[in-house]
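One structure is given here, and the rest of the page talks about it.
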Amino acid sequence: MDFLKVLKEATPMLIEGVRLTIGISLLSLMIGVIVGLLSCIMGMSKNPVLKGISAVYIWLIRGTPMIVQAFVVYFGVPQLIQKMVPGFTLTAFVAGVITLSLNAGAYLSEIFRSGIEAVDPGQIEASRSLGVSSRITMTRIVLPQAFKITIPSLVNQFIITIKDTSILSVIGMAELVNKAKIYVGSTYQFFATYILVAVYYLVIISVLMIVSKFVEKKFSYDKQ
């Protein structure tokens, strides 16, 4: 009976959390794609400074827990900026987007690098032998193929990003887990509420896993 009561009372709140969870995940992934692509290009550059910046960025993000990154962005960065701009603050939503985007970008950078390296080198050599510039070769020949190769990995990263949003409850972002915490705080219905949260996550992730398998089959890449 407790579960039915929680299902009735908590569903409107949790649905709001689901919407924010999916929305912030999509936004963060889109920004993460841009960040990851820039980091990838910098990392593959012959310029040692650009290459170093990319390497340090990936090292920092992949070498620290995301919860620490969220605290640094939400609490640390505003405190630093306030010394120059008094009263500066970041909302939990903005801090969450920044954290998720930077986190996803670091992993996507490596995914894009693998995709670019998977493109047949012979195509690049043929393009250059025809007098096509490196920039056009990269943007019109290499990147479209690399993007096609990495589409399944992008879907998988979206799944990871959705699960990572739960960490942002520590900075007060009103995603699914935070909404559940608010409800539990007033009702003490721990078991039923968090089981319901798990069900929501399972449904979302299961749908995305089906999409991932479909996309992987549709955009499978034959190297031969």
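The analysis underlying the following values was restricted to heavy atoms, covering all of them including side chains, and did not include hydrogens, waters or symmetry mates. The shown structure was predicted, so the numbers you read here are calculated from the model rather than taken from an experiment.
Legend: residues meeting side chain to side chain contact (heavy atoms under 4.5 Å, CB included) with L37, ordered by chain and number and at least two apart, are I41, F112, L143. With sequence neighbours excluded, the residues that form a side chain to side chain contact (heavy atoms under 4.5 Å, CB included) with M209 are I159, I205. Applying the side chain to side chain contact (heavy atoms under 4.5 Å, CB included) test to V184 and every residue at least two apart in sequence or in another chain returns F190, T193, Y194.
One finds the OG atom of S153 at 9.0 Å from the CG atom of L108 (value rounded to the nearest 0.5 Å). Expressed to the nearest 0.5 Å, how far CD1 of I160 lies from CG of L100 amounts to 12.0 Å.
Pairs of residues two or more places apart, or lying in two chains, that qualify as side-chain hydrogen bond (donor to acceptor under 3.5 Å, both in side chains) and include a residue from residues 6-31 are E9-Y183, E16-K179. Counting only residues at least two apart or in different chains, salt bridge (charged side-chain N to carboxylate O under 4.0 Å, His left out) contacts with residues 158-175 are absent. Note on residues 204-215: pairs passing side-chain hydrogen bond (donor to acceptor under 3.5 Å, both in side chains), not counting sequence neighbours, are N156-S212. Counting only residues at least two apart or in different chains, side-chain hydrogen bond (donor to acceptor under 3.5 Å, both in side chains) contacts with residues 33-61 comprise S39-S54, S39-S109.
Tracing side-chain contacts under 4.5 Å through hydrophobic residues (I, L, V, M, F, W, Y), one reaches V211 starting from I162; they form part of the same cluster. In the hydrophobic cluster analysis, where Ile, Leu, Val, Met, Phe, Trp and Tyr join through side-chain heavy atoms closer than 4.5 angstrom, Y107 is grouped apart from L27. The cluster map of Ile, Leu, Val, Met, Phe, Trp and Tyr, joined by side-chain heavy atoms under 4.5 Å apart, puts I15 and L176 in the same cluster. When hydrophobic clusters are built by joining Ile, Leu, Val, Met, Phe, Trp and Tyr residues whose side-chain heavy atoms come closer than 4.5 Å, directly or via intermediates, I151 is grouped together with L208. Put simply, I31 and I22 are part of two different groups of oily side chains (I, L, V, M, F, W, Y) that touch within less than 4.5 Å, one to the next.
Contact annotation: the side chain of V155 never approaches that of F214 to less than 4.5 Å [non-hydrogen atoms, C-beta and beyond]. At a threshold of 4.5 Å between non-hydrogen side-chain atoms, the residues I111 and L154 do not count as touching. With a 4.5 Å cut-off on side-chain heavy atoms, I24 and L168 count as touching. The closest side-chain heavy-atom distance from L20 to T165 is not below 4.5 Å.
Pairing each heavy atom of V170 with each of I167, the nearest pair is CG2-O, 3.0 Å. Listed here is the closest heavy atom pair of A192 and V6: CB-CG2, 3.7 Å.
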Donor-acceptor pairs under 3.5 angstrom involving side-chain atoms of residues 78-99: please list them, not counting sequence neighbours.
| from | atom 1 | to | atom 2 | distance (Å) |
| --- | --- | --- | --- | --- |
| Q82 | NE2 | F88 | O | 2.7 |
| T91 | OG1 | V94 | N | 3.1 |
| T99 | OG1 | A95 | O | 2.8 |

Residues 61-77 side chain polar contacts: donor-acceptor under 3.5 Å, at least two apart:
| from | atom 1 | to | atom 2 | distance (Å) |
| --- | --- | --- | --- | --- |
| T64 | OG1 | L60 | O | 2.7 |
| T64 | OG1 | Q69 | NE2 | 2.9 |
| Q69 | OE1 | N103 | ND2 | 3.0 |
| Q69 | NE2 | I61 | O | 2.9 |
| Q69 | NE2 | T64 | O | 2.9 |

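Here the side chain of Q145 pairs a donor or acceptor atom with the backbone of I141 at under 3.5 angstrom.
Hydrophobic side-chain contacts under 4.5 Å tie L50 into a cluster, directly or through other members, with M42, V49, I53. Its side chain within the 4.5 Å cluster rule, L38 clusters with I34 among the Ile, Leu, Val, Met, Phe, Trp and Tyr residues.
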